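Within every chain, numbering begins at 1; the chains are lettered A, B, ... in the order of the sequence lines, protein sequences first and strands thereafter. Every value quoted in this text rests on a predicted model; they were computed, and no experiment measured them.
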There are 2 protein chains.
Amino acid sequence: MHIASPAPRASSTGEAAPGLRERNRVRRTRRVERAALELALEHGVDVVTVDMICEASDVSPRTYFNYFGTKEGALLGPAPSTPSSEAVDEFVHARGPIVEDLMIIMARAFFATESDPEVFAMRRLLFEREPALQSLRLMRLADKRQATAAIVRRRLAVQHPELTEDEASDQTHLVVSIVMGAFPVISRQWLAHPGDAAHAETLIRAAIDKIRRIVTPDA
Amino acid sequence: MHIASPAPRASSTGEAAPGLRERNRVRRTRRVERAALELALEHGVDVVTVDMICEASDVSPRTYFNYFGTKEGALLGPAPSTPSSEAVDEFVHARGPIVEDLMIIMARAFFATESDPEVFAMRRLLFEREPALQSLRLMRLADKRQATAAIVRRRLAVQHPELTEDEASDQTHLVVSIVMGAFPVISRQWLAHPGDAAHAETLIRAAIDKIRRIVTPDA
DNA sequence: CTGTATTTTTGCAGTCTCTGCACTTTTGCG
DNA sequence: CGCAAAAGTGCAGAGACTGCAAAAATACAG
């Protein structure tokens with residue numbers, strides 16, 4: 001099984017003093033991720049072994065697993081952070097179009113995970129080349145799916161108490177599916193134009209518009 | 001990596017004479033699947049080992065992997081068969097609503113994979129209990145995503161040559177996302193009411209309708 | 001600076017999944 | 001029956017991953 005157990009990844013309390021410990025952790029993470037990506041890009045994911053990565057980045061395999069949990073961990077990068085409970089509450093009570101609202105909080109959570117831009121670029125390249133990795137990533141997302149579904153459900157309960165259990169359930173699943181499905185498309189466009197956050201919302205609206213046109217039978 | 005390599009699974013040429021060989025294969029498959037599911041339901045997927053399954057079903061581990069490719073193979077069941085090239089051609093030139101058409105051929109391919117009803121039931125139960133398996137299943141589907149995207153693309157090229165490369169690409173991704181996303185919802189409803197094929201199309205239309213309403217801002 | 005407590009890294013041994021290869025058994029068929 | 005093809009099996013080995021305890025690094029007084 002082990003869908004991915006990215007390990008603790010302790011986050012510092014606030015921002016105060018990074019401290020040597022923390023700085024080392026970050027440095028090491030970067031080093032390993034970079035090594036892993038370089039190797040994977042050069043030889044292909046299947047050929048690369050954890051031992052190779054460890055030798056290249058000079059950490060023990062045991063430490064590698066402490067950090068990343070799985071062989072692919074260093075390639076996939078940190079899992080998107082869970083939205084804060086305030087953000088969730090805001091979503092639950094927001095009254096905009098539900099898909100749009102959900103998409104927005106997901107996008108925020110997604111781009112909140114900072115990462116070395118160079119590493120980020122390599123990752124993109126690798127993902128394009130190896131669709132299997134994309135799938136793995138989706139799997140990790142799927143784990144969040146339940147959580148996401150839960151907050152959608154909450155919103156529906158609050159705003160549409162008239163729905164039956166089944167209706168609400170179906171609608172929840174559909175909303176989550178649409179959003180998670182459209183997400184890659186939007187993030188692709190976003191990455192093509194390194195615009196600002198406002199631009200992101202425009203993209204989101206445009207995508208939703210496209211979806212509407214797709215599901216609406218031609219006039 | 002090995003997202004799933006379900007192994008050959010040679011299909012007989014037609015229907016003529018099953019032959020002892022074929023009959024044995026089927027028998028063994030059933031036996032192993034059943035054993036795997038029983039063990040997984042009783043002890044949990046993570047606890048069960050391939051060796052346990054093999055001992056319970058009296059095949060060598062090597063044979064197990066020849067049949068199922070991965071530990072989870074016997075739990076997941078056969079991968080949905082790829083739609084026939086005639087079906088694909090039909091889809092490419094069909095002029096109905098694209099999501100509906102795609103959904104229909106996917107549904108056909110999906111239900112074409114027959115399986116022992118008892119095994120089927122156990123599988124459903126297990127999937128409910130272990131969401132990680134669902135994710136694995138999604139991963140296998142994601143592998144088909146590329147293939148699916150390709151035929152959607154073909155249809156767009158034929159029916160909407162006016163679209164730019166990028167537009168077509170975006171639209172393709174969105175269509176595939178929507179369909180694959182909505183699929184579980186529909187199959188859930190379908191399984192709840194073991195209706196006939198015609199009923200399936202009704203469900204599909206209803207789901208698409210719901211999607212439209214979801215993405216359409218409230219009046 | 002020094003000594004101590006705490007956290008992190010590491011080595012090691014072991015389990016489990018999965019693969020290639022060679023060998024045996026089973027099945028198909030003339 | 002006898003031979004050829006196909007399928008099942010055993011074995012050895014690589015690679016992913018885990019628990020545990022020793023070792024090293026870091027924090028933190030005094």
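- Looking at which nucleotide of DNA chain C each of T63(A) and P61(B) is closest to, the 5′-most match is held by T63(A).
- Checking the phosphate oxygens (OP1, OP2) of dG8(D), no side-chain nitrogen or oxygen of Y64(B) falls inside 4.0 Å.
- Following rounding to the nearest Å, E22(A) (CD) and dT26(D) (P) show an atom-to-atom distance of 13 Å.
- The side chain of L20(A) lies closest to dT26(D) when the candidates are dA16(D), dT17(C), dT26(D).
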Given the rule in the salt bridge (Lys or Arg N to Asp or Glu O under 4.0 Å) test, do R153(B) and E165(B) qualify, once you have shown the distances and angles that lead to the verdict? CA-CA 10 Å; R153(B) 191 80 177 240; E165(B) 184 77 5; 3.1 Å; yes

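- R62(B) has its CZ atom 12 Å from the P atom of dC18(C), to the nearest Å.
- A donor-acceptor contact shorter than 3.5 Å links the side chain of Y64(B) to the backbone of T70(B).
- Following rounding to the nearest Å, R27(A) (CZ) and dT8(C) (P) show an atom-to-atom distance of 16 Å.
- Close to dT9(D), at under 4.0 Å from its OP1 or OP2, lies no side-chain N or O of N66(B).
- Taking atom CG of residue D58(B) and atom C1' of nucleotide dG8(D), one finds them 12 Å apart after rounding to whole Å.
- One atom, CZ of F65(B), and another, P of dC11(D), lie 17 Å apart when rounded to the nearest Å.
- Contact between the side-chain N/O atoms of Y67(B) and the OP1/OP2 oxygens of dG8(D) is found at a separation under 4.0 Å.
- N24(B) has no side-chain polar atom (N or O) that falls below the 4.0 Å cut-off from OP1 or OP2 of dA7(D).
- A donor-acceptor contact shorter than 3.5 Å links the side chain of T172(A) to the backbone of A168(A).
- Applying the 4.0 Å criterion to OP1 and OP2 of dT9(D), one finds that S60(B) has a side-chain N or O inside that range.
- Between the P atom of dT17(C) and the NZ atom of K71(A) lies a distance of 17 Å, rounded to the nearest Å.
- The side chain of T49(B) places no N or O atom within less than 4.0 Å of a non-bridging phosphate oxygen (OP1 or OP2) of dC16(C).
- Side-chain to base pairing of R21(B) with dG8(D): no donor and acceptor N or O lie closer than 3.5 Å to each other.
- The backbone N or O of L41(A) lies less than 3.5 Å from a partner atom in the side chain of R129(A), making a donor-acceptor pair.
- R28(A) comes within 4.0 angstrom of the backbone, heavy atoms only, and of no base.
- What separates CG of D51(B) from P of dC11(D) is a distance of 13 Å, to the nearest Å.
- Between the side chain of T148(B) and the backbone N or O of K144(B) there is at least one donor-acceptor pair closer than 3.5 Å.
- Between the CG atom of D46(B) and the C1' atom of dT15(C) there is a distance of 14 Å, rounded to whole Å.
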